[in-house]
Colleague: 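Dropping a structure here in structure tokens format, bear with me for questions.
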Amino acid sequence: LVATAEVLALDDEEDDLEVFSKDTSLTEVNAFSPSVPISPSSVINQYKFEDGPELRDLFITVDDPESHITAIETFITYRVVTKTTRSEFDSSEYEVRRRYQDFLWLKSKLEEAHPTLIIPPLPEKFIMKGMVERFSDEFIETRRKALHKFLNRIADHPTLTFNEDFKIFLTAQAWELSSHKKQGPGLLSRMGQTVRAVASSVRGAVRNRPEMFTEMNNYMETFSQKINLLDKIAHRIYKEERDYFNEMKEYGPIHTLWSASEEDIAESLKGIASCIDRCCRATEKRMAGLSDHLLPILHEYVLYSEILVGVLKRRDQIQGELDSKVDALASKKTEKDLFSEEIGKLEDKVERANNALKADWDRWKQNMQWDMRSTFTNVAENNLRYYEE
Amino acid sequence: MEDCLAKKMEITVSEAEKRTGRNAMNIQETYTAYLIETRAVESQSEGQCAPVESLWRRYSEFELLRNYLSVTYPHIVVPPLPEKRADFVWHKLSADNMDPDFVERRRIGLENFLLRVASHPVLCQDKIFYAFLMQEGGWKEMVNETGFHLKADSRLKALNATFRVKNPDKRFTELKHYSDELQSVISHLLRVRARVADRLYGVYKVHGNYGRVFSEWSAIEKEMGDGLQSAGHHMDVYAASIDDILEEEEHYADQLKEYLFYAEALRAVCRKHELMQYDLEMAAQDLTSKKQQCEELATGTVRTFSLKGMTSKLFGQETPEQREAKIKVLEEQIQEGEEQLKSKNLEGRDFVKSAWADIERFKEQKNHDLKEALISYAVMQISMCKKGIQVWTNAKECFSKM
């Protein structure tokens, strides 16, 4: 399906919007999603994930971590359940077990196939800072949530969702997947890519880089800095709140103890003690809100910023290829056109993906922040309700 | 209710000033002097304001006044002074005696002390107290002339009494337990409160970092820019709000501290009772033994072993004249002793009565004050939450506009 899309795109002029609409019509034919209005402004709208289940035709969940112990190693597998109405899937429901390595494989295949698209981040291999053990419940749960998000982001991406390897990942049995993995370009070609990447970066800043991408690079630099800072700040706040919580735990019982020596004011003291305890619980909720919502999202975007830097580099690299080919094949006009188009199409792809994701991104952040603030406002309101004489 | 000084007179400790001077050991030192202002309330007819009198006093003079009062009125729970050195500080507050915040809180504490003494039905009538308020020069000499130092009981004596007394009034024993418990629970509470304040301060202040980063981030965003910027502003407001909140809480902490120190005053009254009781018991014991001696001499029987008895056996009895003389002396002593015992008993009962009356008064005052303090603490917390709600509601709005 991906190939078809590419062919269609090649036929078009480099008109972003029309290419979009072509992609959409393809989606419409194959899925039962209601038609999306095709207008320039709504192009951005198409990329909203959270528009409601009616637009989705692929539902994925990641759950049920299980540990497996073999002679060589111990590892965790997760259950991946897929429900779909797409006709290219043989069945409407699939359940498979996958381990982290499989996710890594999927990601690298996607990167290979779409070097200038923004592939969502995977949770890291293991966490350096903090005393999180590889197999602690907390770690597994965090990872599971991130993996779930990873697959869903791919599913919602207009191009990636039709990737063949993605489909195999969701549907193949363990042995099928292993054998499929063994095919494919393999290590050498990947190494080749890396070499080219290194070579192009050695060549220095790409000339002819369109203004837009220079802007993006600058943006990414600042963004990456800021998001890292925010991540640090959020973690710091979490830590401070936890320390606060720990002290508060002691604070309430003192009042209860005091009330035992008093008569007249015993009731007031007990009242205060119970209020303090409720504050403790509210603080716990607040902390949970942070760690469930804010921290994972900030972390995801930290990873995203790294990915984007990589994407921009690859884009540069591709353009570098274009440029060098242009120089080298100045005489052979026809070939140049072919290459030019090919490169041009890729550039547009990047651009589209970039913009789409950016708009999406903003909306995402908005939702996220909104959630976080709701949590906080909730806590403050709870505090108010809780505090009485 | 007798007319307290507080009703007749406005008393304030209005200012504090740093001074340098030479102290008792002729060493240069810096200290803080406090201005006490008084104004008679009575003659305020037709809008006429009585003249304000004022004088300066330093902390050590307050201490002297309080010592005097404690010794002269041992049956009264004498109001405590604010702390000498800053205790229970959390990291932002300094423990420096010269720190302006500390001086300010101490000024309030000293004023509170004077008001409490002035509203006490017994203490307010004391002349030394009056002179403290009105007469700057020569006051110290006046206090020393009362010779109150001599009346003071030695610490050792008091400790001894505590361990050896046999029949103290049960109420005082209970009261002593209570004051111990009160002291320990309040100091524990203040310690934890200080730690909680520290942590809360941390939570608020880190949010201030958001403000900065948001603002920097908003520079590169187009649609999100405004929302981020204004949200950042609210984060700054949030971070700054903790300073006022915690300052208010210090006031609450001071109210608790007063009762922490009151516990000490309570204990002092109990100790005095124990001392008197012990004294009484000793005197009674002494009398009993003298009576016994007398009896023995008179009847010639030796009921208890005594060296005298042995030696008289060994070296012969005394002459009847000697014995008569001894009996006479003892009888006189017994007479004295009985009178003393009677008066001591009376003293003791009076003490218990008046002390207990003051203790009841104190209990009422304590319950009232503490209840008010707890209520105001709750109110403070509510206001803190309301502020929090406001800030976060604003922030939420900004975020949703991003």
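Worth saying up front: this structure is predicted, and the values here are computed from it rather than measured. Values reported hereafter were calculated over all heavy atoms of this structure, with side chains retained and with hydrogens, waters and symmetry mates removed. Letters A, B, ... are given to chains in the order of the sequence lines, protein chains preceding strands, and every chain is numbered from 1.
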Colleague: Taking side-chain hydrogen bond (donor to acceptor under 3.5 Å, both in side chains) as the definition, give me every residue that meets it alongside B:Ser230, ordered by chain and number, with sequence neighbours left out.
Modeller: none
Colleague: Side chain, backbone, both or neither: which part of B:Lys366 has a non-hydrogen atom closer than 4.5 Å to chain A?
Modeller: side chain
Colleague: Would you say that B:Asp254 contacts B:Pro82 through its side chain, given a criterion of any heavy-atom pair below 4.5 Å between the two side chains?
Modeller: no
Colleague: Thinking salt bridges, do B:Asp180 and B:Lys176 make one under a 4.0 Å N-O criterion?
Modeller: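 Looking at B:Lys176 together with B:Asp180, the answer is no, because their closest N to O distance does not fall below 4.0 Å.
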Colleague: Name the member of A:Lys226, A:Glu250, A:His255 that forms the most heavy-atom pairs with chain B at distances under 4.5 Å.
Modeller: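 The candidate making the most pairs under 4.5 Å is A:Lys226.
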Colleague: Tell me, please, which residues at least two apart from B:Glu364 pass salt bridge (Lys or Arg N to Asp or Glu O under 4.0 Å).
Modeller: none
Colleague: Could you tell me how the ring of B:Trp217 sits relative to the ring of A:Phe223: parallel (under 30°), tilted (30 to 60°) or perpendicular (over 60°)?
Modeller: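 Answer is perpendicular, since the angle exceeds 60°.
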Colleague: Say whether, by atom type as modelled, one donor and one acceptor occur between the side chain of B:His207 and the main chain of B:Val203 under 3.5 angstrom.
Modeller: yes
Colleague: Could you tell me which residues satisfy side-chain hydrogen bond (donor to acceptor under 3.5 Å, both in side chains) with B:Ser179, sequence neighbours excluded, listed by chain and number?
Modeller: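 Scan of B:Ser179 (side-chain hydrogen bond (donor to acceptor under 3.5 Å, both in side chains), adjacent residues dropped) gives none.
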Colleague: Between A:Ile233 and chain B, with a heavy-atom cut-off of 4.5 Å, which part of the residue counts as in contact: side chain, backbone, both or neither?
Modeller: both
Colleague: For B:Arg171, is there an ion pair with B:Glu174 - N to carboxylate O distance below 4.0 angstrom?
Modeller: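 A salt bridge is absent here (no side-chain N lies under 4.0 Å from a carboxylate O).
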Colleague: Please look at A:Ala234 and chain B and tell me whether the side chain, the backbone, both or neither of the residue comes under 4.5 angstrom of a heavy atom of that chain.
Modeller: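 Looking at A:Ala234, backbone and side chain both touch chain B.
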Colleague: With a 4.0 Å cut-off on N to O distance, would you call B:Arg193 and A:Glu247 a salt bridge?
Modeller: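 Answer for the salt bridge query: no.
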Colleague: Among residues 262-274 of chain B, which residues come closer than 4.5 Å to chain A, judged by heavy atom distances?
Modeller: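 So far as heavy atoms go, nothing in residues 262-274 of chain B approaches chain A to under 4.5 Å.
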Colleague: Counting heavy-atom pairs under 4.5 Å to chain A, which of B:Leu182, B:Leu370, B:Val379, B:Val196 comes out on top?
Modeller: B:Val196
Colleague: With respect to chain A, which residue among B:Glu216, B:Arg212, B:Lys205 yields the maximal number of heavy-atom pairs within a distance under 4.5 Å?
Modeller: B:Glu216
